[in-house]
Amino acid sequence: MRMVDIIAKKRDGGELTTEEIQFLIKGYTEGSIPDYQMSAWAMAVYFRGMTPRETGDLTLAMAGSGEQLDLSSLSGIKVDKHSTGGVGDKTTLVVAPLVAAAGIPVAKMSGRGLGYSGGTIDKLESFAGFAVERTREQFLQQVRDIGVSVIGQSGNLTPADKKLYALRDVTATVEAVPLIASSIMSKKIAAGADAILLDVKVGKGAFMKNLEEAETLARAMVEIGSQVGRKTVAVISDMNQPLGFAVGNALEVKEAIETLAGRGPRDLTELALAIGSRMLVLGGLVAGEQEGRAKLEEIMASGAAVEKLAQMVEAQGGDKREVYEPERLPQAAIRHEVIAQTDGFVAGIDAEAVGHASVVLGAGRLTKEMGIDLAVGFVLHKKRGDAVRAGDVLMTIHANKEELLRSALQELEGAFDIAANPPAEQPLIYKIME
Ligand code: URA
């Protein structure tokens, strides 16, 4: 088999065989297929696409390119959750302890933030001493003991995806749907999931900017799931404005704790219940979404969801007092209020601008090597649709350095759109695909 023939076949719109796909992923992972041939292939896929069968084969080949986690020693159906990323998206911090408290084992690997979209692992490190690196045995034992563990992704998982993603990033081929879908799904499969709940974000602060693109990606991933025998459900949710009120690591942790206690923002609570209840269905714990939702609401109200987070923090070396007294979490030195200049209604809050401003402030990173400031970020006081009077506080900026605060304020210029009339309703969840 020759890579040049595989490139030519795809360039001409042909369908690659399972063997050809396995050959190219194996060769690329081992280094016998060079970057330039892989780039040409990725561009051919960008223009010609892949059939569902090819995409399924690519996913399995990438999932099998490195270590795979075997979760079979944990009882029950293991349901994983993945978000395509957004601003203020702390849903995993809520959903993982919540569904674990309901009885679904959660053995989850999460990522760090990169660019304007945050990452669960950074957020968890807001708890002093919280360990995100665990041995496989520690990780599994914790799930057996308390039902939940969230750790950073193991270095040896899906090396083919790691290489290919870096290559796509510099060859203008990130946007090919079969490549995005197989990249995400290969990581979930290698992490051992039996069933997968995907939160596909759409809007200004998301990877997918419009509903059509988000639906295409969601459909591709659900189809891969059925091809490879992992039941997959995709929730397409809004990311035009930040989720909840808080953006920034420790600030988001605090909001997640409030949400676990049943006192969270409406949008975050609704999304956590929509995702969590479907995870209970996928895990075979309840027959339908309504039953799941009622169960999760009860768990929030009883204090068991907060308790589960405290157990997880303690088990991973953190200080559980920070769960019950969140004022112990990292706090910024400077508070700066952004004031409304006119009366009206919030027509929109540009999630992408808020995300960029959070990076400028130090809450996020532009390169993988950058350090971050866990304390800084924003707390919104108004969301889309809210009435505003001149002089009202729109958001509080939590900063540690005056010069970064000034740069963040520049980034935020125009992020709040105040209009004379209330905006049309915008759904939080656009579509559920399964
Ligand atoms: N996230 C991934 O993990 N892979 C992609 O290709 C795009 C987003």
Side-chain angles (χ1 to χ4, degrees), residues 21 24-25 28-29 35 38-39 41-46 49-50 54-63 65-66 68-69 80-87 89 91-92 108-122 152-193 196-203 205-210 213-225 228 230 232 234-237 239 351-352 355 364-366 368:
I21 289 171
L24 75 91
I25 290 301
Y28 187 53
T29 310
D35 278 350
M38 203 61 181
S39 308
W41 174 80
M43 191 57 86
V45 170
Y46 179 90
M50 293 181 103
E54 283 178 299
T55 314
D57 284 345
L58 177 64
T59 306
L60 283 181
M62 291 205 295
S65 67
Q68 299 202 58
L69 210 59
D80 205 346
K81 178 248 164 200
H82 178 82
S83 159
T84 56
V87 178
D89 185 8
T91 316
T92 293
K108 180 155 175 53
M109 290 190 174
S110 286
R112 293 194 183 275
L114 189 60
Y116 65 77
S117 120
T120 302
I121 287 303
D122 292 327
Q153 198 165 304
S154 145
N156 301 325
L157 230 57
T158 56
D161 174 63
K162 221 164 273 166
K163 263 185 106 172
L164 181 55
Y165 190 78
L167 188 72
R168 287 164 55 211
D169 211 20
V170 293
T171 55
T173 50
V174 166
E175 289 81 0
V177 167
L179 299 183
I180 301 174
S182 57
S183 165
I184 293 173
M185 291 295 282
S186 65
K187 285 180 283 231
K188 296 288 107 184
I189 291 164
I196 300 159
L197 189 298
L198 300 164
D199 182 8
V200 179
K201 299 288 190 196
V202 60
F207 203 51
M208 298 287 131
K209 301 293 181 200
N210 63 57
E213 287 174 6
E215 277 187 38
T216 305
L217 176 62
R219 196 174 305 112
M221 292 194 286
V222 168
E223 214 158 310
I224 291 173
V228 303
R230 311 296 208 280
T232 301
V235 172
I236 300 180
S237 72
M239 191 30 75
E352 190 174 3
R365 56 173 78 75
L366 290 172
K368 280 188 180 145

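First listed ligand is number 1; within each ligand, the first listed atom is number 1. We're numbering straight along the sequence, starting at 1.
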Open item on the list: Would you compute the distance between atom OG1 of Thr84 and atom CD1 of Ile180 and round it to the nearest 0.5 angstrom?
Closed with: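 Nearest 0.5 Å value for the OG1-CD1 distance: 9.5 Å.
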
Open item on the list: What's the separation between atom CD1 in Ile184 and atom OH in Tyr165, rounded to the nearest 0.5 Å?
Closed with: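 If we round to the nearest 0.5 Å, Ile184:CD1 and Tyr165:OH are 8.5 Å apart.
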
TODO: Would you tell me whether Thr29 and Lys163 have side-chain atoms, one donor and one acceptor, within less than 3.5 Å of each other?
DONE: no

Task: No-hydrogen, no-angle side-chain donor-acceptor test under 3.5 Å, Asp199 and Ser237 - done: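 Yes, because at least one side-chain N or O of Asp199 sits under 3.5 Å from a partner of the opposite role on Ser237.
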
Tell me which donor-acceptor pairs under 3.5 Å the side chains of residues 218-225 have, and how far apart each pair is, sequence neighbours excluded?
none

Open item on the list: What does the 4.0 Å heavy-atom contact list look like for ligand 1?
Closed with: Tyr165, Arg168, Ile180, Ser183, Ile184, Lys187, Phe207

TODO: State whether the side chain of Thr232 and the backbone N or O of Arg230 hold a donor-acceptor pair below 3.5 Å, judged by distance alone.
DONE: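 Such a contact is found between Thr232 side chain and Arg230 backbone.
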
